[in-house]
Q: 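Once you've had a glance at the structure underneath, I'll fire off some questions.
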Amino acid sequence: MSDVQSRDWQLEQQRVNLVVNEIDKKVSKLTQNAGKVSSDVLEIRKTFWEDVTVNMDDPDDAIETAASIKQQAEFLSERERTHKQLDHHLKTLARLKYSPYFGRIDFWEEGEKSADQVYLGIASFMDEQDENFLIYDWRAPISSLYYDYSPGPAKYKTLDGNIEGEMELKRQFIIRGSEIKGMFDTGVTIGDEMLQEVLGNNASTQMKSIVATIQREQNQIIRNERSKLLIVQGVAGSGKTSAALQRVAYLLYRYRDTLKSENIMLFSPNPMFNSYVATVLPELGEENMQQATFMEYLNHRLDRDFVAQDSFSQMEYLLNGKEDELYTTRVAGIRYKASLDFKKLIDQYASSLSKHGLLFKDLSFRGDVLFSKNEIHDYFYSLDESFSISNRMELVKEWLLKELKRVVRRERSQSWVEEEIQFLEKEDYLEAFKKMQEKNRFSDNTFDDFEQEQKLLAQMVLKEKFRPLFNRVKRLKFIDKSGIYSHLFEQDWRSVEGLPPEWGNICNETVKRLNKLEIPYEDATPYVYLQDLIEGRKSNTAIRHIFIDEAQDYSPFQFAFIQLLFPYSKMTMLGDFNQAIFSGATGSATVLTDLDLRGEEVETFVLTKTYRSTREIVEFTSGLIDGGGKIEPFNRKGRKPVIERTTRTRINHLILEKMKEYLNEGHRTIAVICRTAAESKLVFEALKSEVPVYLIEKGTVSYEKGILVIPSYLAKGIEFDAVILYDCSEYKRESERKLFYTVCTRAMHELYMYATGEISPLLNLVSMDAYELK
């Protein structure tokens, strides 16, 4: 290190010490305030009822009491909210103290007398007088200079327009425990030293924030405010998901007065992914957005009578069911039901239902049919045909509720009610007595107490017994939705364009499954879509921004449905067509390839540089796919991937030895990736008595560091220090090329593959120099 560099280092460390000292002062002050607020909260809770005037003697006193309770509750709520904000601020300061900032730019704005020194961190921090910024939030407008420009002419955008000037210095820091560990002056891209420090580390069970290493192309994605639909097509390991999460943090900062975390929804690829990304936003001082898999969302909308299949069960069938005589029919059905042609067919079917064909269910009580399906049918079709189906359903519901109330009044004098009263609990009698007292409290009238009590008890019995029926009507359970959907496949659609040749067999098999109360994954979205056309769309207006990860696994039909569900949302879609493992297995269309997305509000970004894997792993995996030559590896050296031939009897022993070797080398997350869930269970059973190992299944919501056994399709979106691929000779079919590519790209540092049979034909295009064959 030169004298100049050494002096700069000392000066920068002095500044870090100054900032840390200021942070300590603020922490001390906030801790005192937090202690006071905390004691206020405890005191208010303890004395809540002492400070409330309770008097229920007459209506005026009761109103005064309610107002007093409300005032005290609001005061408590305000103190609790303040305490939460102080706690949140203290946690942010603790993170800043450990690593105050990661970047510095010196920017000379046009018209100013000198350059400003701007230091960037995960949050803003001002001096003791709250006059000058010691740290700027990485999301602040001026901070974009750091990500977008090298020293020289530069500009950044504000609400008032562009600010232009000259960047004189761009410096990066690695600060840990308030001490500078690394310092680099750099150009436009975030320096290799910084990336090497981050990327050379072990994989974690949770994704990390990347604000210190955001690249220029990622920054454009993060700060994009123009587009209604933002599409990010990025190769494996290009930082798509990381950029998306920083984008969430940026949007929450940029629109903090109007946008909250509950207004943002992330559709994730599997339940485990939710825990994998759960710490990113809290690290940046933001609350997590809503998260769910698309199937979890659909399950909320499907009748509980059904057994609904998810995408993972469908994938298991596609990988294992080649011998099934109905396999080609099922694949053709999956392909067609993913298309917009099928959506058009459902629209056409729903239009015909406006005139005839809707099916209903009897509404029965105590074994007697109160309203037959034919009566409900006739009433529905007696209504004005110009009204939509959903509006007419509302009218049918109102009619049924009105008629049900008449039935309740009629039943009041029936002998069964008297019998049911005899079986009431003591508490029910006490409740009736209490209600009777309340009614008589402010009245001079006299009542026959026994008669009044019997009337109240009868009302309680009737209310309890009729409640399920009222609920059924309110939730439109008188519609035979499964019958209506099934009836779709019993119509003559031969004149419709775009039907697959296997349509007849598809219809037969779909009806059989529905009769068994099974809904295959490919039918779940169409079923709920038709349900919405009949009952009325359940649009969500509270969600303002949707993020769809692994978008290549969404069909055009599913995407069109999501757009209808969230009509006022902007969307960010992240995907990689080369990892379209579900559509790859069936030849189905995907949202990334088969939608007309032209328009000014649609913007697409393509990320071709990968940061996850070593150069050697990238050179191997890029040979597995078309266009792989466009993938740019980050220059991080490692060992070549290895394929070792072995036998079924020896493979588990060899895997065990390889695991121990990787553990000794310091790797903390090691994944044994199997082709299917069934294979994963067998491998897990064989290894669990030898080493601590975790089995990852479709319902797994989190995982620990260590050795994991995981099916191929659940590994998507996650990275591991080392990947051991169990029997790569099983990946034979062209339809599994994208699956093979996906599992190999999970590896950060090591990729080791065993083969018990012929070397996979999918490797034919990979250069022999790109891997080692044993």
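The shown structure was predicted, so the numbers you read here are calculated from the model rather than taken from an experiment.
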Q: Quick one: does L708's side chain get under 4.5 Å of V693's, heavy atoms only?
A: no
Q: Between R176 (side chain) and Y98 (backbone), is there a donor-acceptor pair under 3.5 Å?
A: no
Q: Taking the basic N atoms (NZ, or NE/NH1/NH2) and the acidic carboxylate oxygens, is any pair closer than 4.0 Å for R639 and E616?
A: no
Q: Please say whether the positively charged group of K658, taken as NZ for Lys or CZ for Arg, lies over the ring of Y754, i.e. under 6.0 angstrom from the six-membered ring centre and within 45 degrees of the axis.
A: no
Q: Give a yes or no answer on whether the side chain of D549 reaches the backbone of S268 with a donor-acceptor pair at less than 3.5 Å.
A: no
Q: Measuring centre to centre across the rings, with the benzene-like ring taken for any Trp, is Y146 within less than 6.0 Å of F102?
A: yes
Q: Does Q558 reach the main-chain N or O of S555 with its side chain, forming a donor-acceptor pair under 3.5 Å?
A: yes
Q: After noting the C-alpha distance and the side-chain angles of F267 and F547, does the key distance pass the ring-ring contact (aromatic ring centres under 6.0 Å, His included) rule?
A: CA-CA 6 Å; F267 281 119; F547 285 77; over 10 Å; no
Q: Please table the atom pairs, donor to acceptor, closer than 3.5 Å between any side-chain atom in residues 763-772 and protein atoms at least two apart or in another chain.
A:
{"from": "N764", "atom 1": "ND2", "to": "P761", "atom 2": "O", "distance (Å)": "3.1"}
{"from": "S767", "atom 1": "OG", "to": "D769", "atom 2": "N", "distance (Å)": "3.1"}

Q: Sort and list the pairs that fulfil salt bridge (charged side-chain N to carboxylate O under 4.0 Å, His left out) and have at least one residue in residues 570-583, not counting sequence neighbours.
A: none
Q: Sequence neighbours excluded, which residues qualify as side chain to side chain contact (heavy atoms under 4.5 Å, CB included) partners of L682?
A: none
Q: Indicate the atoms forming the closest heavy-atom contact of I581 with D553, along with that distance.
A: N-OD1, 3.6 Å
Q: Can K698 be said to sit on top of F312's aromatic six-ring, NZ or CZ under 6.0 Å from centre and within 45° of the ring axis?
A: no
Q: Do the side chain of Q290 and the main chain of E262 share a donor and acceptor less than 3.5 angstrom apart?
A: yes
Q: Is D721 salt-bridged to R668, going by a charged N under 4.0 Å from an acidic O?
A: no
Q: Look only at the side chain of Q13 and the backbone of I180, and say whether a donor-acceptor pair between them is shorter than 3.5 Å.
A: yes
Q: What are the two closest heavy atoms between P633 and R615, and how far apart are they?
A: CG-NH1, 3.6 Å
